[in-house]
Amino acid sequence: MKKDKQFPEGFLWGGATSAYQFEGAWNEDGKGVNIVDILPHGSREAVPKDHKILPDVFYPSHGGIDFYHTYKEDIRLFKEMGMKCFRMSIAWTRIFPNGDEKEPNEEGLKFYDDVFDEMLKYGIEPQVTIVHFDLPLHLATEYDGWYNRKTIDFYMNYVETIFNRYKNKVKYWLTFNEINFCKDYTNLGITEALSRPDKVAQAVHHMLVAAAKTVIRGHEINPEFQIGMMINYSEIYPEDCNPENMWKRITEKRLRTFYTDVQNKGFYPEWKLIEYKNAGIELKMEDGDLETLKAGTVDYIGFSYYSTSVATVNVDAKRTASNLESAVKNPYLKANDWGWQIDPVGLRIVLNELWDRYHKPIIISENGLGTYDTLTTDKKVHDDYRIKYLKEHIHQMKICIDEGVKVIGYTSWGCIDIVSAGTSERSKRYGYIYVDSDDYGKGTMKRYKKDSFYWYQKVCQSNGEEL
Ligand code: BG6
């Protein structure tokens, strides 16, 4: 039998997290309030009344898993597991508490210095998402978030600060987490996001310009920087060979390729401009914006991949939950307890598609099985279901490498159990490391190695040879 090609030397085996889902310490050492800090349990789209934190309401992200205080122990566990890379995000509000200050908060900067030093001590490559769903609240309430062009300047001041501070510690950067999901209040900071497509279009334009400026400025500060985009990218199958369903698939897929095209090719696709025109949306572009988009294309593509969907013109088709949006059911696939359809072969399809379309290196920034786990009385977690999920996906990734796709890294989601973004649950677990805490924050917060910990250790240490 033909042997699969080996993973390239230096392949970035790792894990991924985001600041608000695991740091905790939401108001310590000068950190300001961000939008997700005010979101009550399980709701991402509703705008909390008066943008206030309410008494007697439990906010799981406020405590996270307390990484802010346990980072040394956690990073030591990552090292023991053999991780070569760790994707995390910087909380903008630790550096600029309101977002619009001129001078940064030194305590916030110092925290990330310490975290990066700890990783580098163990030879773990940091990969940093600059914004992961956590816009400073003040920019939403005072400026209308990303709708306001000034937010580009505030963001660039933040970028300039962290690029200069960490230029000798961090090489891999990602601009906005899942930029294609930046369409609601949480991500854009626009209260009326759901009813004002014109404002959303303008805000997205500002984010795309900001992302391109980040690439340009980053390369000036350190030409070694690798600056990527991050998108939720999965397959959407036509329900059958009805041409109408295929066309539906193309239109749904464009909700993703719009972003990958702009950030990799450097210009708006014609169909998008026509769509805006037909909807009466007049995008305000300033002189130089088009040149910025052209000059600021990314070095690599990062994407999250959990599940796939189906395109159909049948409005009565059965639907199921998926990653921050709903999907049409696919009879060929099984799903996790939350209804997310599991599709390892879909990963092969999208990896090939992205490579064929852009020829840029790819990192799978997120992938994993969110599920319930049981901690046994002898403090073990027998998560063979997680191992199966990951093994099947990594196997498909390996096939792609054999097919010539340049995949350079894999950072599975929530390598240590963290708070869910979609539902705020802690019982929806992705980690190789169990954190003893329930949905309401009860538990010892102690860390325990699951069976998958030892399995992933072998994967990392054998550079993917042993699955
Ligand atoms: C992605 C996000 O959408 O999916 C993560 O980038 C999120 O922040 C992950 O946690 C999994 O979603 P959930 O809802 O299971 O936490």
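Quick note: numbers below take in every heavy atom, side chains included, and nothing from hydrogens, waters or symmetry partners.
At a cut-off of 3.5 Å, with distance as the only test, no side-chain donor of T260 or T257 sits close to an acceptor on the other residue. Side-chain contact check for T308 and S234: no donor-acceptor pair (N or O, by modelled atom type) lies under 3.5 Å. Of the N and O atoms on the side chains of Q21 and S61, not one donor lies less than 3.5 Å from an acceptor on the other residue.
Judged by a 6.0 Å distance limit and a 45° cone about the ring axis, K272 is positioned over the six-membered ring of F258. For the pair R165 and Y112, the NZ or CZ position fails the cation-pi test of under 6.0 Å to the six-membered ring centre and within 45 degrees of the ring normal. Judged by the 6.0 Å and 45° rule, K428 forms a cation-pi pair with W340.
In this structure a side-chain-to-backbone donor-acceptor pair under 3.5 Å is missing from E465 to Q6.
Aromatic ring centroids of F11 and W13 lie under 6.0 Å apart. Aromatic pair H132/F176: ring centres not closer than 6.0 Å. Between Y155 and W146, the ring centre distance stays below 6.0 Å. With ring centers used as reference points, Y233 lies 6.0 Å or more from Y305.
Salt bridge D383/R429: absent, no basic N to carboxylate O contact under 4.0 Å. A salt bridge links E118 to K121: at least one charged side-chain nitrogen sits closer than 4.0 Å to a carboxylate oxygen. In summary, K248 and E239 do not engage in a salt bridge, as defined by a charged side-chain N under 4.0 Å from a carboxylate O. Between R249 and E252, no side-chain nitrogen of the basic residue sits less than 4.0 Å from a carboxylate oxygen of the acidic one, so the salt-bridge criterion is not met. Salt-bridge annotation for D113 and K169: present, with a side-chain N of the basic residue lying under 4.0 Å from a carboxylate O of the acidic one. A salt bridge between D114 and K110 is present, with a side-chain N of the basic residue lying under 4.0 Å from a carboxylate O of the acidic one. A salt bridge is defined here as a Lys NZ or Arg NE, NH1 or NH2 lying under 4.0 Å from an Asp or Glu carboxylate O, and D261 with R256 fails to meet this definition. R447 has a carboxylate O that lies under 4.0 Å from a charged side-chain N of D74, or vice versa, which qualifies the two as a salt bridge. Between K253 and E353 there is a salt bridge, since a side-chain N of the basic residue sits under 4.0 Å from a carboxylate O of the acidic one.
Ring geometry, Y158 versus F96: the interplanar angle exceeds 60°, so the pair is classed perpendicular (tilted spans 30 to 60°).
With M445 as the partner, the side-chain contact (heavy atoms from CB on, under 4.5 Å) test is satisfied by one option alone out of V435, D436, T70: V435.
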